[in-house]
Number of protein chains: 2
Amino acid sequence: MDKETILIVDDEKEIGDLIEVYLKNEGFNVIKASNGLEALEEIKEFKVDLIILDVMMPGMDGLQACIKIRESNPVPIIMLSAKNEDIDKILGLSTGADDYMSKPFNPMELVARVKSQIRRAKRLNGAMALQANLIEIEDLLINTSTHEVRIGEREIKLTPREFDILVLLARNRGMVFSIEKIYQCVWNEDFYESDNTVMVHIRKIREKLEDEPRKPRFIKTVWGVGYKIEK
Amino acid sequence: MDKETILIVDDEKEIGDLIEVYLKNEGFNVIKASNGLEALEEIKEFKVDLIILDVMMPGMDGLQACIKIRESNPVPIIMLSAKNEDIDKILGLSTGADDYMSKPFNPMELVARVKSQIRRAKRLNGAMALQANLIEIEDLLINTSTHEVRIGEREIKLTPREFDILVLLARNRGMVFSIEKIYQCVWNEDFYESDNTVMVHIRKIREKLEDEPRKPRFIKTVWGVGYKIEK
DNA sequence: GGAATTTCTTAATATTTTCTTAAGAATAAA
DNA sequence: TTTATTCTTAAGAAAATATTAAGAAATTCC
């Protein structure tokens with residue numbers, strides 16, 4: 001399992017550093033921002049699994065930032081505040097924060113709450129995946145949540161690798177992928193020397209997808225470069 | 001709207017009284033118990049909307065009580081503890097507690113957390129009510145309220161685990177569930193390494209459901225990915 | 001407290017996928 | 001046209017994944 005990334009947003013450096021130590025100790029990946037705007041930038045750039053957000057900050061405060069983040073991202077947010085009046089606001093439904101801790105806080109408790117929220121998010125994600133994720137290419141239909149591929153009425157059975165390669169090309173229609181690139185994307189490993197593993201897979205996919213593998217409708221060969229699905 | 005009833009379980013009278021004052025002030029109805037067994041009695045007698053449960057108590061401690069309560073009741077539980085070591089245990093999934101506060105605590109924060117949990121429970125309840133308790137898949141009938149499963153006239157006896165797995169797949173027809181996801185959803189625990197517990201259960205279900213387990217009609221294998229019931 | 005049931009673990013077997021190899025075909029360049 | 005390069009195809013070995021069976025451990029029920 002990959003390390004989860006946690007974004008700490010606090011203008012007080014010592015607090016951020018303290019939290020960082022504890023989280024890293026638990027095997028989390030940590031990035032930091034010192035105000036709301038920076039936080040928004042970081043989120044755009046990196047895949048963040050949880051945000052710890054201080055309410056009191058110069059510029060865009062934590063509550064505003066929280067609302068802003070929520071507009072585009074369902075990532076779990078834990079808010080920190082020293083003011084009692086904030087509690088109700090935060091745990092109410094309006095801000096969209098998932099949990100709250102009052103300052104000064106016990107770092108162990110924060111870590112436990114972080115873990116708890118991440119677990120919750122994972123479970124929720126499972127349920128969310130229900131929403132079908134459909135890719136359509138002419139009469140070729142790819143459903144990434146049910147792992148189904150069909151052409152018209154005919155159901156095509158693809159192996160996991162074949163499926164991944166097809167999805168990669170289908171999600172990026174028009175783009176040409178070199179053998180090397182495909183290998184890196186699908187296998188998540190570096191590509192060493194030229195075996196033709198990828199080619200063999202491409203052929204298998206064509207065999208299953210195409211009526212005439214010689215004249216493929218979907219996966220086209222770009223000579224000397226790679227493969228693509230035309231736009 | 002009726003006043004919500006909150007059960008406070010603590011052997012220290014002063015703490016219970018303190019919490020009571022704050023909660024009553026917010027319009028909640030409060031009842032009290034001074035140990036785990038008493039709490040179980042109260043729950044049987046009254047309709048309780050939330051429980052505040054101290055971990056450290058003579059006799060049955062809070063953690064045991066929490067697990068015991070959860071067996072029969074999905075009511076939200078907030079646990080109180082002075083010991084750091086408890087945090088992880090409580091916020092982990094195994095006890096079934098919904099939230100935690102460390103002692104000494106800020107009563108305002110506790111009240112806010114109470115309100116937050118009650119809101120959450122209401123939402124959850126709404127969502128639950130929508131789920132049909134009769135699932136039909138061709139001639140397979142699953143009744144989630146009576147825990148009955150039948151195929152045509154034949155009644156199938158499934159164990160609790162088997163039943164849960166089947167319902168998970170049946171409620172989400174078409175969707176593929178990985179071994180890991182099944183484990184997380186049914187066991188409510190994190191999935192560590194690859195034992196094949198889930199597979200064995202799948203096989204048992206097939207044995208009971210299918211005429212030819214080799215060619216399953218209901219639970220299909222999606223190679224390298226997981227299992228599903230086709231739509 | 002003991003029997004029955006359920007759940008989990010282990011390991012052997014079966015199946016499917018993935019990779020490797022190698023030979024033949026298509027394409028581009030000389 | 002010839003040659004070198006790149007791509008396609010096929011077949012079988014290796015690796016990964018799934019099924020099955022049997023028994024141990026835990027739990028439930030009486």
Side-chain angles (χ1 to χ4, degrees), chain A residues 147 149 156-166 168-169 176-228, chain B residues 64 67-68 70-72 94 147 149 156-166 169 176-183 186-228:
Chain A
H147 258 251
V149 178
I156 314 275
K157 286 193 72 179
L158 294 184
T159 71
R161 280 271 137 92
E162 290 161 9
F163 188 83
D164 290 345
I165 294 172
L166 180 62
L168 176 70
L169 295 174
V176 183
F177 285 82
S178 67
I179 296 278
E180 189 174 344
K181 192 93 201 160
I182 292 175
Y183 195 90
Q184 285 172 346
C185 289
V186 172
W187 275 254
N188 271 322
E189 284 171 27
D190 272 350
F191 180 80
Y192 284 102
E193 58 210 296
S194 167
D195 55 37
N196 67 355
T197 306
V198 175
M199 283 180 183
V200 172
H201 281 289
I202 294 278
R203 151 137 169 77
K204 288 273 191 184
I205 299 170
R206 280 177 175 162
E207 194 170 72
K208 292 176 179 178
L209 244 56
E210 309 279 358
D211 294 325
E212 300 173 88
R214 286 302 177 83
K215 291 178 208 151
R217 285 168 59 207
F218 300 109
I219 300 182
K220 302 278 170 89
T221 304
V222 182
W223 238 85
V225 188
Y227 299 91
K228 71 168 175 180
Chain B
Q64 288 175 276
I67 292 168
K68 203 81 192 155
R70 258 303 130 71
E71 283 171 11
S72 60
S94 41
H147 265 243
V149 177
I156 314 274
K157 287 192 70 179
L158 294 185
T159 70
R161 279 273 137 89
E162 289 162 10
F163 187 82
D164 290 345
I165 295 173
L166 181 63
L169 294 174
V176 184
F177 286 83
S178 68
I179 295 276
E180 186 174 345
K181 198 153 271 169
I182 292 175
Y183 196 89
V186 171
W187 274 255
N188 267 325
E189 284 171 28
D190 271 350
F191 180 81
Y192 282 100
E193 58 209 301
S194 167
D195 55 38
N196 66 356
T197 306
V198 174
M199 281 180 184
V200 172
H201 282 287
I202 294 278
R203 154 141 165 74
K204 289 273 188 184
I205 299 171
R206 279 178 175 161
E207 199 169 69
K208 292 175 180 180
L209 245 55
E210 308 278 358
D211 294 325
E212 300 173 88
R214 286 300 178 84
K215 291 179 208 150
R217 284 168 60 207
F218 300 109
I219 300 182
K220 301 277 171 88
T221 304
V222 183
W223 241 87
V225 186
Y227 298 92
K228 72 171 174 181

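In the text below, chain A, chain B and the rest are named by the order of the sequence lines, each starting its count at 1.
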- [ ] Find which nucleotide of DNA chain D each of A:Tyr227 and B:Met199 is nearest to by heavy atoms, and output the residue with the more 5' nucleotide.
- [x] A:Tyr227
According to a strict under-4.0 Å criterion, is [X] in side-chain N/O contact with OP1 or OP2 of [N]?
X	N	answer
A:Thr221	D:dT6	no
A:Arg203	D:dC7	no
B:Arg214	D:dT20	yes

Please report the closest heavy-atom contact between [X] and [Y], naming both atoms and the distance.
X	Y	answer
A:Ile205	A:Leu166	CD1-N, 4.3 Å
A:Pro160	B:Val225	CG-CG2, 4.4 Å
B:Glu210	B:Lys215	OE1-O, 4.4 Å

Sort me out a list of protein N/O and nucleotides 6-9 of chain C N/O pairs below 3.5 Å, or just none if empty.
| from | atom 1 | to | atom 2 | distance (Å) |
| --- | --- | --- | --- | --- |
| C:dT7 | OP1 | B:Arg161 | N | 3.2 |
| C:dT7 | OP2 | B:Thr159 | OG1 | 2.2 |
| C:dC8 | OP1 | B:Arg161 | NH1 | 2.9 |
| C:dC8 | OP1 | B:Trp187 | NE1 | 2.8 |
| C:dC8 | OP2 | B:His201 | NE2 | 3.0 |
| C:dT9 | OP2 | B:Asp195 | OD2 | 3.2 |
| C:dT9 | OP2 | B:Thr197 | OG1 | 3.4 |

Using whole Å, what does the distance between atom [atom2] of nucleotide [N] and atom [atom1] of [X] come to?
X	N	atom1	atom2	answer
A:Asp164	C:dT17	CG	P	14 Å
B:Ile182	D:dA18	CD1	P	11 Å
A:Glu189	C:dT18	CD	P	13 Å
A:Lys228	D:dC7	NZ	P	14 Å
A:Phe177	D:dC7	CZ	P	16 Å
A:Arg206	D:dC7	CZ	C1'	9 Å
A:Glu207	D:dT9	CD	C1'	9 Å
A:Phe163	C:dT17	CZ	P	14 Å

Taking the side chain as everything from C-beta on, heavy atoms only, tell me whether [X] gets closer than 4.5 Å to [Y].
X	Y	result
B:Trp223	A:Thr159	no
A:Met199	A:Tyr227	yes
B:Phe177	B:Val222	no

Within the sub-3.5 Å range, which N or O atoms of nucleotides 27-30 of chain D have a protein N or O partner, and how far apart are they?
none

TODO: Drop me the distance from A:Ile165's CD1 to A:Tyr183's OH, to the nearest 0.5 angstrom.
DONE: 10.5 Å
Task: Gap between atom CZ of B:Arg203 and atom CD1 of B:Ile219 - 0.5 Å precision - done: 12.5 Å
Task: Option from A:Arg206, A:Lys208, A:Lys204, A:Lys157 for which salt bridge (charged side-chain N to carboxylate O under 4.0 Å, His left out) with A:Glu162 holds - done: A:Lys208
